[in-house]
Amino acid sequence: MEALYQLSYSPAIADPTRPTWPVSEVRSYQLCPLQQPHRQPNVEPFRGTGCVPWRPMGSDTSPTSTPASTSPANNQADENVGSTAALPTFRYDAALAAQIETRWQDLWEANGTFNAPNPAGPLADASAVADRPKLFVLDMFPYPSGKGLHVGHPLGYIGTDVFGRYKRMKGFNVLHALGYDSFGLPAEQHAINTGVHPRVNTEENVTNMRRQLRRLGLAHDERRSVATTDEDFYRWTQWVFLEIFNSWYDTDADRARPISELITAFETGEQPTPHGRAWAELSAAEQNTVVDDHRLAYLSEAPVNWCPGLGTILANEEVTAEGRSDIGNYPVFKRNMKQWMLRITAYADRLLDDLDALEWPEAIKIMQRNWIGRSTGATVRFGTSAGDVAVFTTRPDTLFGATFVVLSPEHPLVAELTTADQRSAVDAYVAKAAATDDQDRADDTREKTGVFTGASATNPINGEQIPVWIADYVLMGYGTGAIMAVPCGDQRDFEFATKFGLAIPPIQQPPASWYAEHGIEPTLDTAVWPVAYVGDAPYINSSNTDSSDEGLDLDGITSVAEGKERTNAWLAAQGAGESAITYRLRDWLFSRQRYWGEPFPIVYDADGRPHAVPDHLLPVTLPELEDFRPTAMDPNDDVTDPIPPLARATEWLDVELDLGNGPATYRREINVMPQWAGSCWYELRYLDPTNTEAFVDPEVEKYWMGPKHEGHSGGVDLYVGGVEHAVLHLLYSRFWHKVLFDLGHVSSFEPFYRLFNQGYIQAYAFRDERGQTVEASEVIDTDGVYTHDGEVVAREYGKMGKSLKNIVTPDEMYDEYGADTFRLYEMAMGPLDASRPWNTRDVVGMQRFLQRVWRNMVDEDSGASRVIDAEPSDALRRELHKTISGVDDDMANMRFNTAISKLIELNNALTPETQKLGGTPHEIASAMAIMLSPLAPHMGEELWSRLGNDATVTFEPFPTFDPALLVSDTVTLIVQVNGKVRDRLEVPADISEADAEAAALASAAVQQHTGGNPPKKVIVRLPKLVNIVA
RNA sequence: GUCGAAGUGGCGGAAUUGGCAGACGCGCUGGCCUAAGGAGCCAGUGUCCGAAAGGACGUGGGGGUUCGAGUCCCCCCUUCGACACCA
């Protein structure tokens, strides 16, 4: 009944560093000759209870006893033999794949096959590290959702796994691990709903995801799988926060430095104090304030969406257009609140400039550049009755055309500037702007609104008095919150001036082509212009030389760049302005009024000044709570401060400490960090997950992430994840990494050297007549007509997810096809960086491929090897070497879809020869097993083992090819007439141009198409093509 | 509106440098095997004309460069993604 394998063993492989399976485990496994349940309608599908699936004998302490292996008795297979006698017993199908896959997964785990050695520390194996290049490959780690995985999630994980496995075969020491981004709102919400601690739910979810991912056969170093909610992990998140807190940005040195050095610099006078007073003259309180104001983590009033009805602050997307909460429909108030801020703006230039050093998709770089939004221009001061109003402009050269000033409704000078007769109009407008949703204010299709303050300002370039207006399209959060309006040269100003009847004097002479484009006769009467003119053109009316010898005359100049430069110089000389740079990027609001996040390692003294919790008291652990709810208040109370959940931890709240001034009582910070915190540095912890002395050993960091040469940024060698993190995560983590770099904790100045965005898996979804989505798996396709429950439904297309009811889970794929088939399908669907539609119907193609490979190597009836000691034909050997060359290249460039095609072609070429020879030549079988193993690792190990190898295929060198076998004696010469293919000739590969031309002209097909006329011209591109121009 | 990516058979896709369009897979058609096939094997499968040989057309549309264009240039259309009054 049980078919035992007779394995033959080759001598142990010479390389002592290559792991070898314990012989007892490899030799003593057996295959269960299971029947194929899906062909027996009345038999339960195989769930592993039939017999012990291929686990190592005598290893009953295996750490991963899955349900599939817990009941070795009760062999159902016996009962089912008769009914399916005609079926091959060892057909490669889902049940057999399940046996093979779980067996190798157990062996990998038991042997720590994918444990990557460090150069130092507890995970060290210096001998294994010494002569090998390294590769740190990283996936964006997942949030452990309660819903588990669908087939869209593992796409990137499989891609990195294939790449990592390939690189191991190329001799690299590969570090690949996956952790969990496990703080966050869903777990907190679940805890609020159920009263169960979020840690419980989070750990359940992590366990489930680990199970789903383990079944995929990912070559991860499990020792490094950290979760951001582990106390051992967030102890170091808190430490990094304190490093940021205890630093300031030295703009001269252009790097962060410890705050202690700032105090020294103040004391010595090297760094001037903000108000110019000597450091020693400042009171202790004043000194503290000055120091705290320089920190990279600082407390500041920041505008937030406060919803007292819910007791929380909401993100913009949680606020409806009516200014109410998405959940509960409570009023939401925009108000200032004291929050932790991180000074990311100090790094704006470096975050921008260092993008050039990175190998990232250009589209992502563009998005980051736009997000940082560096604008160069000038600050110009306009005199008013309430003092100077500074405006920021990118076009100082157009100052002669500035005919009014516009302030943001929130501008601090609004009240003072408004004249009595305009008071009520202005107040009404300001109130209306405050009530207007940010998204509405940002809607450029909306008609311009505004109100005159009654005040005027002096244009410094010509002394003209121009009106001061207020408009909500000017934002307080950008630039200075005030603009100078140049209606002839800026479209928004043009629209505003047109609507309110303000002057639009021309200051540039537009070219004739511009008039033609807009269908108007050339004129300087701007009332006729349909739009503002923006661009290079000669300046007119742009001179003030009449009023002063030191005047500015731009008239006739055609270059905007030159105009800007000269205007800036003039402004600086007059003291009326200076060149300036403004960023769109703002400092990072880092406080959350939540429970399930990292507590801040901060305490406040009696004066309310924040202090760092001493390092030896880290981590500051989350206190246990019964109720994780924020404190809801009167929905209209926009005055009381929020009371975060941690305020309820009364025992924890106050703490007795000696921070150097003797024991005193301090009050803990009750906000927590945002979910981004852990993801800002997690990759560094993978390197050295158990280190209790440091967040990472510098030697270990340098080995895995250090720069490869002068000017190289260092960082992760390959980072793969979705494009949705293009800006926030990737900007925040770059910022943290740069702080750590400045302080000397890491040797790399960027965290992620190479970034790759994998595409999304999309899927068809179906809607009935009422517009409701219906369960996609229940829809029947009849020649393009889709029905659900007999009702015709419409097909659409979208991201796989619960809302579209079009989820397919990996577990379904494991059950129906096996992990290797699933992996191959995901990789074969298309290029890794392209989004692609999921189609379960297509998966079977990859299973058939594996079946055909299996059948060439293993007898389906007996389970015996079909690999024989025979020479392949020359043609097959050439095919093999061509495949090796192509697959190697495809793998190196992450083109896994075409690599798979080439392997299929090789197997298709192999099949007839195997049939003819009665078996597969060892040379082909061996190369096939190795090349297949990055993509279908379980199949790879199984075949490799059956070839008599007792070491894992993981570290087997990737096959090499003989270039001589890639060239053939003859080539197909394409013969074209007028660019159209008319004939194909087999010619010697080294044919001469003259011979090729003669052969082409002699072709009967060519004669027919040229009518025998002599060619006008003949183009020969050896060795492949001749084109005859008739 | 701006920026970015893309558009190739019934479907997913291939064509790395301007040189055989449609590799490979799904689906479909026919055959073999079979008591039976949701298995396997063999053959075919861009469209149109044709019994075939063969021919014409063909990579979103239009124009251009070239001996030769899916690929390069210009204009337009469509889809997807991101950003959006940024002074």
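Quick note: numbers below take in every heavy atom, side chains included, and nothing from hydrogens, waters or symmetry partners.
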* Would you confirm whether A/S835, through its side chain, and A/Y760, through its main-chain N or O, come within 3.5 Å as a donor-acceptor pair? => yes
* Watson-Crick or G-U wobble mate for B/A14, both contacts under 3.5 Å -> none
* Partner set under salt bridge (charged side-chain N to carboxylate O under 4.0 Å, His left out) for A/E913, not counting sequence neighbours -> none
* Asked: Considering residues at least two apart in sequence or located in another chain, which fulfil the ring-ring contact (aromatic ring centres under 6.0 Å, His included) criterion with A/Y825?
  -> A/W838
* Determine the Euclidean distance between corresponding P atoms of B/G27 and B/G70; express it in Å to zero decimal places. => 31 Å
* Structure fact -> A/Y732 meets the ring-ring contact (aromatic ring centres under 6.0 Å, His included) criterion, sequence neighbours left out, with A/W588, A/W676
* To do: Would you mind classifying the nucleic acid contact of A/K1016 as base, sugar-phosphate or nothing, using non-hydrogen atoms under 4.0 angstrom?
  => nothing
* To do: Give one of base, sugar-phosphate or nothing for A/A828, where a contact means two heavy atoms less than 4.0 Å apart.
  => nothing
* **Spacing between A/R1021 atom CZ and B/U17 atom P, to the nearest angstrom** => 17 Å
* Would you say the base of B/G12 and the side-chain of A/R836 have a donor-acceptor pair closer than 3.5 Å? -> no
* To do: Answer yes or no: side-chain N or O of A/N893 and base N or O of B/U16 forming a donor-acceptor pair under 3.5 Å.
  => no
* Please give the nucleotide sitting opposite B/G68 as a Watson-Crick or G-U wobble pair, both distances under 3.5 Å, or none. => none
So which protein nitrogen or oxygen atoms get under 3.5 Å of nucleotides 29-34 of chain B's nitrogens or oxygens?
none

* Write down the distance separating the P atoms in B/U16 and B/G7, rounded off to the nearest Å. => 14 Å
* To do: Rounded to whole angstrom, note down the P distance from B/G60 over to B/C11.
  => 13 Å
* How far does the P atom of B/C72 sit from the matching atom of B/U17, given to the nearest Å? -> 10 Å
* Which part of the nucleic acid does A/R586 contact within heavy-atom distance under 4.0 Å: base, sugar-phosphate only, or nothing? -> nothing
* Structure fact -> Each nucleotide of nucleotides 20-28 of chain B classed B (base within 4.0 Å of a protein heavy atom), S (only sugar-phosphate) or -, in 5' to 3' order, makes BS-BSSSS-
* Establish whether the base of B/C85 is bridged to the side chain of A/K448 by a donor-acceptor pair shorter than 3.5 Å. => yes
* CD of A/Q915 versus P of B/C41: gap in Å, rounded? -> 9 Å
* To do: Quickly, which of A/V391, A/V468, A/I483 forms a side chain to side chain contact (heavy atoms under 4.5 Å, CB included) with A/L407? Name it, please.
  => A/V468
* Output every pair passing side chain to side chain donor-acceptor pair (under 3.5 Å) with a member in residues 1018-1028 of chain A, not counting sequence neighbours, ordered by first then second residue. => none
* Structure fact -> Taken in chain and number order and not counting sequence neighbours, the residues that satisfy side chain to side chain contact (heavy atoms under 4.5 Å, CB included) with A/P912 are none
* Residues in salt bridge (charged side-chain N to carboxylate O under 4.0 Å, His left out) with A/E362, at least two apart? -> A/R369
* Asked: Which sits closer to the 5' end of RNA chain B, A/P831 or A/R584, going by the nucleotide each is nearest to?
  -> A/P831
* **Separation of B/C85 P from A/K499 NZ (nearest whole Å)** => 18 Å
* Asked: Out of A/N856, A/T914, A/N907, which one pairs with A/T920 under the side chain to side chain donor-acceptor pair (under 3.5 Å) rule?
  -> A/T914
* Asked: Roughly how many Å is it from NZ in A/K980 to P in B/G55, rounded to a whole number?
  -> 12 Å
* Between A/I366 and A/T911, just flag the one whose closest nucleotide in RNA chain B comes earlier from the 5' side. => A/I366
* Asked: Taking any strand in view, what nucleotide pairs with B/G27 in a Watson-Crick or G-U wobble way, both distances under 3.5 Å?
  -> B/U45
* Asked: Taking the same atom, C1', in B/C48 and in B/A36, what whole-Å distance lies between them?
  -> 41 Å
* To do: Quick one: classify the glycosidic conformation of B/G9 as syn or anti, with syn meaning within 90° of 0.
  => syn
* Whole-Å gap separating P (B/C86) and CZ (A/R492) -> 4 Å
* **Close aromatic pair by centroid cut-off 6.0 Å: A/W469 and A/F496** => yes
* Within residues 480-493 of chain A or reaching into it, pairs that qualify as side chain to side chain donor-acceptor pair (under 3.5 Å) - sequence neighbours excluded -> A/Y473-A/D493, A/D490-A/R492, A/Q491-A/E495
* Asked: Between atom CG in A/L399 and atom C1' in B/A87, what is the gap in whole Å?
  -> 13 Å
* Which value, in whole Å, describes the distance between the P atoms of nucleotides B/G19 and B/A84? -> 41 Å
* Asked: Picking from B/G68, B/G40, B/A87, which would you name as closest to the side chain of A/N1027?
  -> B/G68
* **Nearest-Å distance once atom C1' is located in both B/U59 and B/G46** => 11 Å
* Structure fact -> From OH of A/Y825 across to C1' of B/G13 the rounded distance in Å is 11 Å
* Asked: Quick one: A/L407 CG to B/C86 P, roughly how many Å, whole number?
  -> 17 Å
